[in-house]
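Quick notes on the structure that follows.
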Amino acid sequence: MKNNYSELNILVQKVIDLAASKKYSEANHTLAEAGDLLDEILDHSDDDADLIEISRYQVY
């Protein structure tokens with residue numbers, strides 16, 4: 001699987017825009033989509049550089 005960070009960036013920005021517009025339900029749904037994509041990238045990644053890049057998007 002090719003790690004598609006541009007799609008992840010788009011989803012994260014969409015979450016930010018929706019939250020700024022006070023559309024919290026939609027933001028939460030989009031955040032879940034971003035989380036699923038992040039999990040998929042993590043599952044298919046074994047390169048340290050990818051793991052470093054992915055850590056920028058993780059929420060604890």
Side-chain angles (χ1 to χ4, degrees):
M1 174 188 171
K2 181 182 176 200
N3 294 334
N4 192 348
Y5 297 111
S6 62
E7 184 178 349
L8 188 57
N9 282 332
I10 291 168
L11 285 173
V12 170
Q13 185 60 52
K14 186 175 178 183
V15 169
I16 293 167
D17 293 343
L18 288 168
S21 298
K22 299 185 186 217
K23 297 179 181 177
Y24 302 118
S25 179
E26 292 175 54
N28 192 36
H29 177 56
T30 305
L31 182 60
E33 288 179 42
D36 291 343
L37 178 59
L38 186 58
D39 288 341
E40 187 176 326
I41 292 171
L42 275 170
D43 288 344
H44 294 92
S45 179
D46 58 356
D47 184 19
D48 287 342
D50 286 338
L51 297 176
I52 291 169
E53 180 69 23
I54 290 167
S55 70
R56 299 169 67 196
Y57 297 96
Q58 291 180 310
V59 177
Y60 298 100

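Quantities reported herein were computed from a predicted structural model and do not represent experimental measurements.
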Checklist entry - Shortest non-hydrogen contact from Ala19 to Ala27? => result N-CB, 4.0 Å
Checklist outcome for this item: Across all chains, not counting sequence neighbours, the side chain to side chain contact (heavy atoms under 4.5 Å, CB included) partners of Ile16 are Val12, Gln13
Next on the checklist: For Glu26, give me all partners under side-chain hydrogen bond (donor to acceptor under 3.5 Å, both in side chains), at least two apart in sequence or on another chain.
Outcome noted: none
Checklist outcome for this item: CD (Glu7) and CD1 (Ile10) are apart, to the nearest 0.5 Å, by 7.0 Å
Listing, residues 31-39 side-chain donor-acceptor contacts under 3.5 Å, not counting sequence neighbours, or none:
residue: Glu33; atom: OE2; partner: His29; partner atom: NE2; Å: 3.2

